[in-house]
**Student:** 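Got a structure here, written out as structure tokens. Questions coming.
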Amino acid sequence: MSARPLAQPLAEAAASVASPAHPLAQQLGHPLAASAASLVQSVDWLAVAPPLIAAVVALGVLVADLFLPESRKNVLGWISVAGLAAAALMLLPLLDGDRATFCLTGNGTGTGAGPGSVTGAPRACSYTADHFTLVIQLLVLGGALLAALLSITTLDDDRRRVPSGEFWFLLLSATAGAALLPAARDLATLIVALEVASLPAFALVGIRHGDRRSAEAALKFFLSSVTATAVSLMGVSFVYASTGTLYLTQVAQRLPDTPGQLHTLAQTGVVLTLIGFAFKTAAVPFHFWVPDTYVGAPLPVAAYLSVVGKAVGFSGLILVTVVAFPSYADVWGPALAVLAALTMTVGNVGALRQQATRARSAVRLLAWSSVGQAGYLLVPIAAAGYAKDAQKAIGSTVAYALMYAAVNLGAFAVAAVVGRGRAGNRISDYRGLYATNPVAALLMAFFLLCLAGLPPGIIGLFAKVTVFSAAVGAGLGWLAVVMAVNVVIALFYYLRWTALLFRAPEGETVRHRIPAPLTAAIALAGVAGVALSGAPQLVLRFAATGLF
């Protein structure tokens, strides 16, 4: 018997039962009809375009790699750069207003709200392209674009040990997951996006064939991330069991009214979910994988993890705290404040202890510095648990993340320039850089001063002031004092490195030609840093306006 005669009566029976006229539907108050209607969704393709383009280009690169000869593999890199640029440009049509898709219930105006919407119910969508989403997606796609430009040069120099097709596929796949995560508005999508962003990153860290350091770094990264995922999934399952929903807005509504017998389960779920995301942000004591991972990974991958990987962790942490768990602010607020103090202190002390003559000390210092910067990024999120205007506090974190992304990628780009001539990439190798490459030295000095928060890096100073004011405004005076002490500690090692750039070089100076992709990456980071320093108030206004 063919499938068609069977399918037709089944479809008619389902439609009959779902019909409001059916006795069973009438007895149940039409839930089947509402449920069937809610499953018929329209997809807002424009809203999902940025992560979708990155994913489609990733698949295209993987297929193209099968047919391209070895001599033309470099085309894959430029296709990837073009794909990332196209994904970033697709953010422009989304600036008009909030868009949402994959919605089941709600009375909002987002595209994709199904006919099963219930008037007065909280809006329940799996994907929302609001202002917060667009800002983080800009950071993710821009950071991935700069990392891709760095990678083109690295792959040309190390083609034998790094397979091009696999590298670009993994980088684009991780970027697609990272761009999806800030738009996720349910816990399931959040976890899936987190893993799509993380799993390719493991392979990127250990992609160099025959490199024991790279393999060890990938293993540490994998073990820490798997632990974080397991803890997060356990927490999410507890939250779902106690609230009966995965949508963030509905979780926020139902958590305060959790029945008494489920109260402990809900508290445990909240704590475990927060711990899982603390791993992803490299907050102390979950930071142990960062230095070895950055040193063992290819330099562009380390740059990618320091910016895009950090954006993934912090955007997820913001969503679960401010959007899903506002009723537990008295729990996560103090906890994140303590984590912020520990993270910035351990990170800055670790960077201060780096020896200038140690192999790869430059990358290791940037790794410890990124841990310290993570502590600063945690301060406004902790302040949101105390402040009346949580959105303003979160805006300080987003503004700081934008600044950090531009200048930190620029510092890694200059490190890639020095690493081409000095494989050890020691801090001492930067001595006399001004004599051999004045432009790179001046930009490196500018990037380091931005990270330190000193002029002419106005954006760095502005970002630190906004974070400091968020702590003071929330009544966290002790955390503001800890931050001030850590800023002084950071000044020492940033200024020591900056001064080394302009000292007289030791031995004969050798000039190296900088490839065009590497030049473009440095130039873009420099332009972004200078532009942000020229109008720092616009950054905060752009980052904090209408986040959710």
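Basis for what follows: all heavy atoms, side chains included, without hydrogens, waters or symmetry-related copies.
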**Student:** Could you tell me whether the side chain of R426 and the main chain of T357 form a donor-acceptor pair under 3.5 Å?
**Tutor:**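 Side chain of R426 to backbone of T357, a donor-acceptor pair under 3.5 Å: yes, one is there.
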
**Student:** Write down the atom of G313, the atom of F277, and the distance for their closest heavy-atom approach.
**Tutor:**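 Here G313 and F277 meet closest at O-CD2, 4.1 Å.
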
**Student:** Look at the aromatic rings of Y434 and F502 and report parallel, tilted or perpendicular, splitting at 30° and 60°.
**Tutor:**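 Y434 and F502: tilted rings.
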
**Student:** Stepwise, does the side-chain contact (heavy atoms from CB on, under 4.5 Å) test hold for F279 with S232?
**Tutor:** CA-CA 10 Å; F279 267 98; S232 297; over 6 Å; no

**Student:** So, R212 and E216, do they make that salt bridge, N to O below 4.0 Å?
**Tutor:**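 Judged by the 4.0 Å cut-off on N to carboxylate O distance, R212 and E216 do not form a salt bridge.
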
**Student:** Could you check whether any side-chain heavy atom of T229 comes within less than 4.5 Å of a side-chain heavy atom of L194, counting everything from C-beta outward?
**Tutor:**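 Answer no - side chains too far apart.
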
**Student:** Let me confirm one number: the CH2-CG distance from W368 to L352, rounded to the nearest 0.5 Å.
**Tutor:**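 The CG atom of L352 is 12.0 Å from CH2 of W368, to the nearest 0.5 Å.
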
**Student:** Is the shortest side-chain heavy-atom distance between F221 and L204 below 4.5 Å?
**Tutor:**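 With C-beta onward as the side chain, the pair stays apart.
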
**Student:** Could you walk me through whether L448 and L495 pass the side-chain contact (heavy atoms from CB on, under 4.5 Å) check?
**Tutor:** CA-CA 8 Å; L448 293 175; L495 290 178; over 6 Å; no

**Student:** Can you see which heavy atom on G177 is nearest to which on V196, and at what distance?
**Tutor:**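 Residues G177 and V196, closest heavy atoms: CA-CG1, 3.6 Å.
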
**Student:** Contact between Y386 and P334 at the side-chain level, heavy atoms closer than 4.5 Å - yes or no?
**Tutor:**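 SC-SC contact between Y386 and P334 confirmed.
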
**Student:** Check side-chain hydrogen bond (donor to acceptor under 3.5 Å, both in side chains) between S225 and all other residues, then give those that pass, not counting sequence neighbours.
**Tutor:**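 In terms of side-chain hydrogen bond (donor to acceptor under 3.5 Å, both in side chains), with neighbours along the sequence ignored, S225 is linked to K280.
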
**Student:** Please report the closest heavy-atom contact between S306 and K310, naming both atoms and the distance.
**Tutor:**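 In terms of heavy atoms, the two residues are closest at O-CB, 3.5 Å.
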
**Student:** N408 and Q373: side-chain contact (heavy atoms from CB on, under 4.5 Å), yes or no, with the steps?
**Tutor:** CA-CA 10 Å; N408 202 62; Q373 299 289 343; 6.0 Å; no

**Student:** If only atom types and distance count, is the side chain of T466 paired as donor or acceptor with the main-chain N or O of S396 below 3.5 Å?
**Tutor:**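 The answer is no, because no donor-acceptor pair under 3.5 Å joins these two groups.
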
**Student:** So do S370 and V290 actually touch side chain to side chain, heavy atoms under 4.5 Å?
**Tutor:**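 Sidechains of S370 and V290: in contact.
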
**Student:** Between CG of L94 and CG of L138, what distance do you get to the nearest 0.5 Å?
**Tutor:**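 Output value for this atom pair is 12.0 Å.
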
**Student:** In Å, rounded to the nearest 0.5 Å, how long is the span from CZ of R364 to CD of Q355?
**Tutor:**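 Answer rounded to 0.5 Å: 11.0 Å.
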
**Student:** Measure from the side-chain N and O atoms of S361 to the backbone N and O of I427, and report whether any donor-acceptor pair falls under 3.5 Å.
**Tutor:**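 Yes, S361 side chain to I427 backbone: donor-acceptor pair under 3.5 Å.
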
**Student:** Between A179 and V140, what is the shortest heavy-atom contact and its length?
**Tutor:**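 For A179 and V140, the tightest heavy-atom pair comes out as N-CG1, 3.9 Å.
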
**Student:** Would you confirm whether E195, through its side chain, and I191, through its main-chain N or O, come within 3.5 Å as a donor-acceptor pair?
**Tutor:**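 Between the backbone of I191 and the side chain of E195 there is no qualifying donor-acceptor contact (under 3.5 Å).
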
**Student:** How about CZ on R503, more than 12 heavy atoms from neighbouring residues, nucleotides or ligands closer than 6.0 Å, or not?
**Tutor:**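 Open: at most 12 neighbouring heavy atoms sit under 6.0 Å from CZ of R503.
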
**Student:** Is the side chain of T343 donor-acceptor paired with the backbone N or O of A374 at a distance under 3.5 Å, no angle test?
**Tutor:**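 A pair under 3.5 Å: no.
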
**Student:** For the atom pair OG1 (T227) and CZ (F222), what is the distance rounded to the nearest 0.5 Å?
**Tutor:**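 If we round to the nearest 0.5 Å, T227:OG1 and F222:CZ are 9.0 Å apart.
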
**Student:** At what distance, to the nearest 0.5 angstrom, does CG of L146 lie from CG of L524?
**Tutor:**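 Here the interatomic distance stands at 5.5 Å.
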
**Student:** Look only at the side chain of S214 and the backbone of V205, and say whether a donor-acceptor pair between them is shorter than 3.5 Å.
**Tutor:**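 Flag set: sc S214 to bb V205 pair under 3.5 Å.
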
**Student:** Are the side chains of T273 and F325 in touch, meaning some heavy atoms are under 4.5 Å apart?
**Tutor:**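 Side chain of T273 against side chain of F325, heavy atoms only: contact under 4.5 Å found.
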
**Student:** For T345, give me all partners under side-chain hydrogen bond (donor to acceptor under 3.5 Å, both in side chains), at least two apart in sequence or on another chain.
**Tutor:**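 By the side-chain hydrogen bond (donor to acceptor under 3.5 Å, both in side chains) rule, T345 matches N486.
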
**Student:** Looking only at heavy atoms, which two atoms of G375 and A340 are closest? And how far apart?
**Tutor:**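 That would be O-CB, 3.6 Å.
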
**Student:** Could you please spell out the steps behind the side-chain contact (heavy atoms from CB on, under 4.5 Å) verdict for L378 and F314?
**Tutor:** CA-CA 8 Å; L378 281 171; F314 277 96; 3.6 Å; yes

**Student:** Using a 4.5 Å cut-off on heavy atoms from C-beta on, say whether the side chain of S151 contacts that of V162.
**Tutor:**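 Side chain of V162 against side chain of S151, heavy atoms only: no contact under 4.5 Å found.
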
**Student:** For the side chain of R208 and the backbone of G296, is there at least one donor-acceptor N/O pair under 3.5 Å apart?
**Tutor:**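 Yes, because the side chain of R208 sits within donor-acceptor range (under 3.5 Å) of the backbone of G296.
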
**Student:** Find out whether P517 and W78 are in side-chain contact, i.e. whether some heavy atom of one side chain is under 4.5 Å from a heavy atom of the other.
**Tutor:**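 P517 vs W78: side chains touch.
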
**Student:** How far does CE of M344 sit from OH of Y376, to the nearest 0.5 angstrom?
**Tutor:**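 Answer rounded to 0.5 Å: 6.5 Å.
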
**Student:** Where do L319 and F132 come nearest, in terms of heavy atoms and distance?
**Tutor:**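 Result for this residue pair: CD2-CE2, 3.9 Å.
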
**Student:** Just so I know, are the side chains of W168 and L155 near enough to count as touching, which here means a heavy-atom distance under 4.5 Å?
**Tutor:**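 Result yes, sub-4.5 Å side-chain heavy-atom pair found.
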
